[in-house]
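What follows is one structure encoded as structure tokens, with my remarks underneath.
Start at 1 and go down the list; that is how both ligands and their atoms are numbered.
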Amino acid sequence: MKKAADFTLTENRRLTDRFSLLTLKGDIPADVQPGQFVQVRVDNSKTTFLRRPISINEADPATGTLRLLIRRAGDGTNALCDLEPGAVVNMLLPLGNGFTVPADKSTRILLVGGGVGVAPMMMLGRVLKDNGLQPEFLIGARTAGELLLIDEFRKIGTVHTATDDGTSGEKGFAHQHSVLACAGRWDKVCCCGPAPMMKGVAAAARSIGADCEVSLENMMACGLGACLCCVEKTVAGNVCVCTYGPVFNVKELTW
Ligand SMILES: Cc1cc2nc3c(=O)[nH]c(=O)nc-3n(C[C@H](O)[C@H](O)[C@H](O)COP(=O)(O)OP(=O)(O)OC[C@H]3O[C@@H](n4cnc5c(N)ncnc54)[C@H](O)[C@@H]3O)c2cc1C
Ligand code: FES
């Protein structure tokens with residue numbers, strides 16, 4: 001069930017000069033799924049009128065704890081990164097669909113996140129582990145200092161890294177990493193990041209015969225299927241990413 005609710009910011013961890021990890025307390029619906037997002041009302045920006053879509057990084061309905069990983073992109077995300085503990089943040093949640101959690105515990109699954117696209121991979125990895133699977137991660141960033149939340153990912157599963165400048169892991173883009181080129185190693189690949197990276201990951205998964213889900217980050221306004229500004233062309237016609245997605249099996253896309 002979607003509802004607007006006030007959350008209170010309890011911590012703003014400034015991970016780098018471009019990324020902040022917000023921890024908030026509030027009422028989280030019990031059916032929240034990894035891959036879903038929130039629409040945040042940005043009250044502390046005079047120029048941000050529409051809510052901003054942000055992936056759920058972690059959510060624990062039992063304790064009412066929600067985490068959002070924010071990258072400074074413009075006025076709205078800058079204002080969110082500047083929030084101080086005690087701030088009240090209104091959010092609509094949970095929105096969209098989630099990644100599929102395989103019923104078969106032997107499914108070999110790789111979670112790929114690029115830049116701020118690592119955000120939904122934290123809750124997804126944790127939920128997969130809670131369900132008896134053993135996910136591994138492939139995290140990509142521009143440079144070692146922007147590999148976000150790596151220690152936390154390592155508590156869930158093995159982490160492989162790729163950096164544009166070669167300062168950590170393999171040099172190059174995540175979709176070019178050798179771990180993704182291992183035929184027979186993966187049954188499923190889940191990915192979130194810049195569109196060119198997701199297309200590269202989808203192509204790599206296809207070439208090794210792995211199923212692949214991606215989380216699209218099309219520009220959004222309403223987040224509720226009303227304004228049609230987030231439309232994506234699929235093999236079944238045009239759909240709204242905010243309601244039908246953001247998670248798609250790549251077989252549904254025209255990539
Ligand atoms: C489903 C979904 C989940 C997302 N999850 C996260 C997240 O977990 N953390 C996070 O930091 N960001 C996330 N984003 C992107 C975030 O919503 C945008 O960066 C934000 O709306 C930009 O708002 P702004 O006011 O800061 O910048 P604006 O001034 O509105 O825009 C600044 C720049 O960002 C670009 N931009 C705006 N929206 C998007 C978008 N959707 N994708 C890519 N570029 C955009 C604009 O073209 C412009 O160049 C997500 C987007 C979607 C659709
Ligand atoms: S954002 Fe309005 S229809 Fe998707």
Q) At what distance is the nearest protein heavy atom to atom 16 (C) of ligand 1, and which residue and atom is it? A) Pro53 O, 3.5 Å
Q. Any idea which part of Thr77 is under 4.0 Å from ligand 1, heavy-atom wise: side chain, backbone, both or neither?
A. both
Q) What residue and heavy atom of the protein are closest to atom 32 (C) of ligand 1, and at what distance? A) Ala73 O, 3.2 Å
(Q) Grouping I, L, V, M, F, W and Y whenever their side-chain heavy atoms are under 4.5 Å apart, do Leu124 and Met198 come out in a common cluster? (A) no
Q | Hphob cluster co-occupancy, Val42 + Leu69, side-chain heavy atoms under 4.5 angstrom | A | yes
Q: Identify, for atom 29 (O) of ligand 1, the protein heavy atom at the shortest distance, and state residue, atom and that distance.
A: Gly74 CA, 3.8 Å
Q) Contact residues of ligand 2 with a heavy-atom cut-off of under 4.0 Å? A) Met220, Ala221, Cys222, Gly223, Gly225, Ala226, Cys227, Leu228, Cys230, Cys240, Cys242
Q) By number and element, which atoms of ligand 1 are closer than 4.0 Å to a non-hydrogen atom of Arg71? A) 10 (C), 11 (O)
Q: Supply the members, apart from Val231, of the Ile/Leu/Val/Met/Phe/Trp/Tyr cluster built from side-chain contacts under 4.5 Å; use none for a lone residue.
A: Leu228
Q. Applying a 4.0 Å heavy-atom criterion (strictly less than), which segment of Asn218 is in contact with ligand 1: side chain, backbone, both, or neither?
A. backbone
Q: Check ligand 1 against Ser55 and write out every atom of the ligand that is under 4.0 Å from a heavy-atom position of the residue.
A: 3 (C), 4 (C), 5 (N), 6 (C), 7 (C), 8 (O)
Q | ligand 1 atoms in contact with Val116 (distance to a heavy atom under 4.0 Å) | A | 9 (N), 10 (C), 11 (O)
Q. Which atoms of ligand 1 are found less than 4.0 Å from any heavy atom of Ala119?
A. 8 (O)
Q) Is any NZ, NE, NH1 or NH2 atom of the basic residue among Glu152 and Arg67 found under 4.0 Å from an Asp or Glu carboxylate oxygen of the other? A) yes
Q: Pick one of side chain, backbone, both or neither for how Val42 approaches ligand 1, counting any non-hydrogen atom pair under 4.0 Å.
A: neither
